[in-house]
Amino acid sequence: MSGSASAPLAGTLVLDMSQFLSGPFAALRLADLGARVIKIERPDGGDLARRLYLSDTDIGGDSTIFHAINRSKESLVLNLKRPEDVKCLMTLVGNADAVVQNFRPGVATRLGVGYEALRRANPRIVCASISGYGSDGPWAQFPGQDLLAQARSGVTWLNGDAGQGPVPFGLAIADMLAGATAAQSIMAGLIRRDATGEGVHIETSLLEALIDYQFEVLTTYLNDGNRPPHRAAVRSANAYVAAPYGVYDTADGYLALAMTPIARLAELLDLPELQEFTDPKSAFTHRDAIKAILAELFASDTTAHWLDILEPADIWCAEVLDWPSMMASDGFRCLDMFQTVSRQPGISLKTTRTPLRVDGVRALCERAAPQIGEHSIKIRQEFGL
Amino acid sequence: MMAGVSQFGASERSLLESLLVLDFSQFLSGPYAALRLSDFGARIIKIERAAGGDLCRQLHLSDTDDLTQDSTLFHAINRGKQSLAVDLKSPSDLELVMSLIAQADVLIQNFRPGVIDRLGLGYAAVRTINPRLIYASISGFGGEGPWVDRPGQDLLAQARSGLMWLNGDADQGPLPFGLAIADVLAGSAIVQGVLALLLRRGRTGLGGHVETSLLEVLIDFQFEVLTTHLNDGGRLPERAAFRNAHAYLAAPYGVYPTADGYLALAMMPLSKLAPLVDLPKLSELPQESQFSDRDKIKHAIAARLLHKTTQAWLDILQPEDVWCAGVLDWATLLKEQAFRRLDMLQTLPREGGPPVLTTRAPFSINGKRPNSHQAGPMLGAHNELIRREFGQ
C-alpha cells in the first residue's frame with residue numbers, strides 16, 4: 001500500500017534526521033501508512049544502527065536491525081557541518097510536511113537545523129523531537145539510551161520477582177513508546193496544519209514515554225500514600241495485580257494465568273486448600289501462598305491437560321509459546337505478519353509488517369532499507385539541491 | 001471550551017479541536033487510545049453499559065482505594081472524558097447512540113470479534129449512517145483464526161507472542177513483562193491509524209476502518225530481534241544467565257548491584273570500561289568475546305562494582321561519557337530536579353471523592369504540555385448534557 005494513492009498518508013513527505021530506534025521507528029510507522037520517508041544521513045557511515053549488530057548476520061553491509069527499522073525509506077547523504085548542505089536541507093524542508101529528529105538537546109540548533117530554523121524555511125512544517133530526558137534540566141545532556149532511561153524511570157522495579165533487585169524490560173521499550181508518540185504527534189500536528197496552515201513543534205522523550213507507560217500503577221502509588229510496589233516473590237507478572245496472575249511451570253512447559261477469582265479456581269481444579277483465600281482481598285495479601293499452591297499443582301501435569309480443564313470454563317489462560325511454536329500456530333499464521341523486502345538482486349531479507357490493517361488490508365512493502373546515499377542523486381535532481 | 005476537554009493556552013488551538021470521539025471500549029487498550037486523543041485535544045464520550053460501566057471502574061490495585069468508588073486506575077485512564085451510560089438493547093438508547101455516531105468523527109471499540117456486529121454497530125452498519133466516520137477496532141488476536149474468541153488480555157497475548165523469552169535471565173523460564181505492554185502498544189498503534197485516516201479523510205472526504213490486535217503489536221514490538229532471528233538461520237534468543245537486560249546485546253549491557261544500590265551499563269567497548277573499573281584484562285579480550293563470554297565478563301564487572309557506591313561509580317564513569325545510570329525507584333525519581341522539570345503530574349478533582357494525583361501527556365506542543373480538568377467521570381455523569389446536545 002505504501003506509496004499508493006489510497007494509502008492514508010499518500011503524498012506526505014517526511015524527513016527523518018534521526019538515528020538508532022526511536023525516531024526511525026516513528027518514520028517507519030509513517031512510511032507504513034503511506035508517507036514517503038527520506039533519511040538524512042551523515043556521510044561517514046550514516047545511521048549508527050547500520051553497524052549495531054545483534055548477530056553475526058550481515059545483509060548487504062548493514063545489520064539486521066537497521067534493515068528492520070528502515071525498510072522502504074530513501075537515503076540522502078548530507079554533511080550538516082557544511083553550510084551548503086544545510087542549505088540543501090532547508091530547500092528540502094521547504095517541500096516537506098514533517099521532520100523527525102532525535103539529536104541530543106541543543107545539537108540541532110548548533111547545526112542550524114533546530115525547529116526555529118526549519119520554521120523559517122517552512123512555516124507549515126510539523127516537527128517532532130525526541131530526546132532522552134526533555135530539552136533542559138540536569139539530565140538533558142545524558143545519552144538518550146533505552147536501558148539508561150529505564151534505569152532512571154523506576155520501571156525496573158516492576159519487572160521480575162521480588163528479591164531480584166531491579167530487572168530491566170528485555171526490549172527497547174522507551175524507544176518504541178517514544179517513537180510511537182512522535183508518529184502520533186506528527187499526524188496530529190498535520191491535522192492542525194491542514195486546518196490552520198500553521199506548523200507545530202512537538203517534543204517527547206524516553207523518560208516521558210516511560211512515565212506514561214507506568215501511568216496506571218504510578219497513579220495508584222501517588223494516591224495510596226506512596227507505598228512502594230511489591231512484586232510477587234515467585235513468578236511475578238505485575239507488581240500490583242493479585243493472585244493467580246502469572247506464569248506457571250507445567251510438567252512439559254508453561255501456562256499463563258490472568259485475573260481469575262480464586263473461588264473459581266478452587267472449584268475447577270479441586271483445590272480445597274484455596275478455600276481460605278476466596279475473599280478478594282486475600283488474593284492480594286496472600287498472593288505468594290496462593291501462587292505456591294497453584295504452582296505445585298500445575299507442575300504435576302501437562303500444559304494441554306490444564307488447558308483442557310480451564311479453557312472450556314472460559315478461564316483466562318494461555319500456553320506460553322516461543323517463536324518457533326508461535327510461528328507454527330494457525331493463530332499467528334492467519335495474521336500474515338511477515339514480508340520479504342529486497343534491495344538489489346541478491347539482497348533480501350524477511351521481516352515483519354505493520355501491526356495496523358486499514359480497510360482490511362495490511363500494508364506490504366517491497367523495498368529494503370537503503371544503502372547510505374542510495375537516493376542522493378535522484379533526490380538532488382528532484383528538488384534541485 | 002467545553003468541560004472535559006483538554007485545554008491549551010488561550011492563544012493555542014488544540015491539535016484535534018472539535019473532534020468528537022465515541023469510545024465504546026473498556027479496560028486499557030481502547031481507553032488508552034482515547035486518552036491520547038483527548039490529550040491531543042479531542043472530546044471523548046465514553047459509551048458505557050448502564051449496569052456498572054467500564055469494568056475497569058472496579059479494578060482496584062490498592063487496598064487503600066475506597067472500594068465503593070471507581071478505582072484509582074480508572075481515573076488514570078479516563079481523566080478528562082465524558083460518560084454516557086446506555087443500554088444498547090433498549091431501542092431508545094440505541095437511537096441516541098446512532099444519532100451520536102452520525103455526528104462523530106471517530107469510534108473506538110475493543111469488544112471480542114463479532115460482538116459489536118451483533119449489537120448492530122459493526123463498521124459495515126455504521127458507515128451507512130456516517131461515511132466519514134473513522135472506525136477503530138482492537139482485538140486480542142485478529143479477526144479470524146483459532147484464537148479469535150480467546151480473551152484479549154495482556155498477559156495471555158504476551159504468552160502467545162514469544163515475548164516472555166526475551167525478559168529476565170536464562171534460567172528463569174518465560175518471564176512476563178511486568179506491565180501491560182500489549183494493551184499500551186495496541187492503544188498507541190490504533191491512535192496512529194485513526195490520525196492517519198483523519199488525514200486521508202481531509203483529502204477524500206471518506207472514513208475508514210483501522211484494526212489491530214494485542215498479538216500484532218507484540219510482533220511489531222519484537223520486530224528488531226525477530227528480524228534478526230528470521231535471517232540468522234532461526235537461532236533462538238539467548239538471554240544472559242546473569243543480570244540479563246537484552247537477549248541480543250553483549251556484555252556489559254545490564255544492571256549491576258553496587259555497594260549501596262544499582263548501576264545500569266549500556267552498550268560500550270570493553271576497552272573503554274575496563275581501565276575505569278580497574279579490570280585491565282578485559283581490554284585484552286577479542287571483540288567477539290563480548291557476546292560469547294558475556295556471562296563471565298558480566299560476573300567480573302559485577303564483582304568490581306560492588307566495591308563502591310553508585311555515586312562513586314557515576315563520578316568515575318560519567319565524565320568519560322560511559323553510557324551508565326543509577327537505578328532509581330519512584331520515590332527517588334519524583335524528587336529529582338530532572339523529573340520535576342518535566343512537570344508531568346497533575347491533580348484533578350473528582351466527583352464524590354478526594355482529588356486524584358496522576359500523570360500528564362508524554363509530549364509538549366509548542367513547549368506546552370496539555371492538561372486535563374477532571375478525573376474520570378462518574379458513570380453516566382454526562383447523560384443529560386449529551387441527550388440535550390445530540391438527542392432528537
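Just so you know, these numbers come straight off a predicted model, no measurement behind them. Below, chain A is the first sequence line, B the second, and so on; all start at residue 1.
Partners of Asn238(A) under the side-chain hydrogen bond (donor to acceptor under 3.5 Å, both in side chains) rule, at least two apart in sequence or in another chain, do not exist in this structure. Legend: residues meeting side-chain hydrogen bond (donor to acceptor under 3.5 Å, both in side chains) with Thr228(B), ordered by chain and number and at least two apart, are Thr64(A).
A pairwise comparison of heavy atoms in Gly331(A) and Pro146(B) identifies N-CG, 3.5 Å as the closest pair. Between Gly170(A) and Asn167(B), the closest heavy-atom pair is N-OD1, 3.2 Å. Shown here for Ala266(B) and Gln145(A), the closest heavy-atom pair between the two residues is CB-OE1, 3.3 Å. The two residues Leu356(A) and Thr212(B) come nearest to each other via the heavy atoms CD2-CB, 4.0 Å. Nearest heavy atoms, Ile69(A) versus Glu224(B): CD1-OE2, 3.4 Å. Shortest non-hydrogen contact noted between Gly154(A) and Trp330(B) is CA-CD1, 3.9 Å.
In this structure, chain A has no heavy atom under 4.5 Å from any part of Leu19(B). At a 4.5 Å heavy-atom cutoff, the contact between Pro166(A) and chain B is made by backbone and side-chain atoms alike. For a residue to count as touching a neighbouring chain, one of its non-hydrogen atoms must lie under 4.5 Å from one of that chain's; by this rule Phe142(A) touches chain B with the side chain only. The contact between Leu177(A) and chain B is made entirely by side chain atoms (from C-beta outward), counting heavy-atom distances below 4.5 Å. Lys281(A) touches chain B through its side chain: at least one heavy atom from C-beta onward sits under 4.5 Å away, while N, CA, C and O do not. Heavy atoms closer than 4.5 Å to chain B are found in the side chain of Thr156(A), but not in its backbone. If you measure heavy-atom distances from Arg193(A) to chain B, you find no contacts under 4.5 Å at all. If you measure heavy-atom distances from Gln214(A) to chain B, the contacts under 4.5 Å come from both the backbone and the side chain. Contacts of Gln164(A) with chain B are made by both backbone and side-chain atoms, with heavy-atom separations under 4.5 Å. Heavy atoms of Leu255(A) lying under 4.5 Å from chain B are absent altogether. Contacts of Gln222(B) with chain A are made by both backbone and side-chain atoms, with heavy-atom separations under 4.5 Å. Contact annotation for Glu319(A): only backbone heavy atoms (N, CA, C, O) come within less than 4.5 Å of a heavy atom of chain B. Within the 4.5 angstrom heavy-atom criterion, atoms from both the backbone and the side chain of Trp139(A) approach chain B. Only the backbone of Tyr133(A) comes within contact range of chain B, with heavy atoms under 4.5 Å apart. Pro354(B) does not touch chain A: none of its heavy atoms, backbone or side chain, sits under 4.5 Å away. Residue contact with chain B, scored on non-hydrogen atoms closer than 4.5 Å, involves the side chain of Leu28(A) exclusively. For Ser329(A), the part lying under 4.5 angstrom from a heavy atom of chain B is the side chain only.
By the 4.0 Å N-to-carboxylate-O rule, Asp359(A) lies close enough to Arg200(B) to be salt-bridged with it. A salt bridge does not link Glu336(B) with Arg152(A): none of the charged nitrogens is closer than 4.0 Å to a carboxylate oxygen. Taking 4.0 Å as the cut-off between side-chain N and carboxylate O, Arg192(A) and Glu17(B) do not count as a salt-bridged pair.
Between the CD1 atom in Ile181(B) and the CG atom in Leu171(A) there is a gap of 8.5 Å [rounded to 0.5 Å]. Rounded to the nearest 0.5 Å, atoms CG (Asp220(B)) and CE (Met176(A)) are 5.0 Å apart. Here Thr351(A) contributes atom OG1 and Leu226(B) contributes atom CG; the two are 8.0 Å apart, rounded to the nearest 0.5 Å. One distance of note links CZ of Arg357(A) with OG of Ser213(B); it measures 6.0 Å at 0.5 Å rounding. The distance from atom CG of Leu335(A) to atom CD1 of Ile219(B), rounded to the nearest 0.5 Å, is 7.5 Å. We find the CG-CG distance between Leu321(A) and Leu163(B) to be 12.0 Å, quoted to the nearest 0.5 Å.
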One pair to check against side chain to side chain donor-acceptor pair (under 3.5 Å): Ser62(B) and Arg227(A). What are the steps and the verdict?
CA-CA 10 Å; Ser62(B) 167; Arg227(A) 292 183 302 169; 2.9 Å; yes
Kindly determine whether Glu311(A) and Arg150(B) satisfy salt bridge (charged side-chain N to carboxylate O under 4.0 Å, His left out), including the steps that lead there.
CA-CA 9 Å; Glu311(A) 280 188 335; Arg150(B) 299 271 191 259; 3.2 Å; yes
Can you list the steps and then say if Asp161(A) with Gln172(B) is a side chain to side chain contact (heavy atoms under 4.5 Å, CB included)?
CA-CA 10 Å; Asp161(A) 298 335; Gln172(B) 278 198 282; 4.0 Å; yes
Go through the steps to decide whether Glu216(B) and Arg353(A) satisfy the test side chain to side chain contact (heavy atoms under 4.5 Å, CB included), and finish with yes or no.
CA-CA 9 Å; Glu216(B) 286 163 89; Arg353(A) 295 168 71 186; over 6 Å; no
For Met326(A) and Arg160(B): C-alpha separation, side-chain torsions, deciding distance, then whether side chain to side chain contact (heavy atoms under 4.5 Å, CB included) applies.
CA-CA 6 Å; Met326(A) 173 189 75; Arg160(B) 295 192 177 102; 5.9 Å; no
Starting from the C-alpha separation in whole Å, work towards a yes-or-no answer on side chain to side chain contact (heavy atoms under 4.5 Å, CB included) for Val358(A) and His209(B).
CA-CA 6 Å; Val358(A) 174; His209(B) 186 193; over 6 Å; no
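In this structure, the side chain of Glu203(A) does not engage the main chain of Ile365(B) through any donor-acceptor pair within 3.5 Å. At distances below 3.5 Å, not a single donor-acceptor pair connects side-chain atoms of Thr352(A) with backbone N or O atoms of Phe223(B). Looking only at distances, no side-chain donor or acceptor of Tyr213(A) sits under 3.5 Å from a matching main-chain atom of Val184(B). Not a single donor-acceptor pair under 3.5 Å links the side chain of Asn366(B) to the backbone N or O of Val200(A).
Below 30°, between 30° and 60°, or above 60°: for Tyr262(B) and Trp157(A) the angle between ring planes is above 60°, a perpendicular geometry. Taking the six-membered ring where the residue is Trp, Phe215(A) and Tyr32(B) present tilted rings, their angle falling between 30° and 60°.
For the options Ala195(A), Gly134(A), Cys317(A), Ala239(A), heavy-atom pairs under 4.5 Å to chain B are most numerous at Cys317(A). Highest contact tally toward chain B, considering only Asp194(A), Asp56(A), Asp249(A), Val241(A), is held by Asp56(A) [criterion: heavy-atom pairs under 4.5 Å].
Looking only at side-chain heavy atoms (C-beta outward), Asp212(A) and Arg360(B) stay at 4.5 Å or farther from each other.
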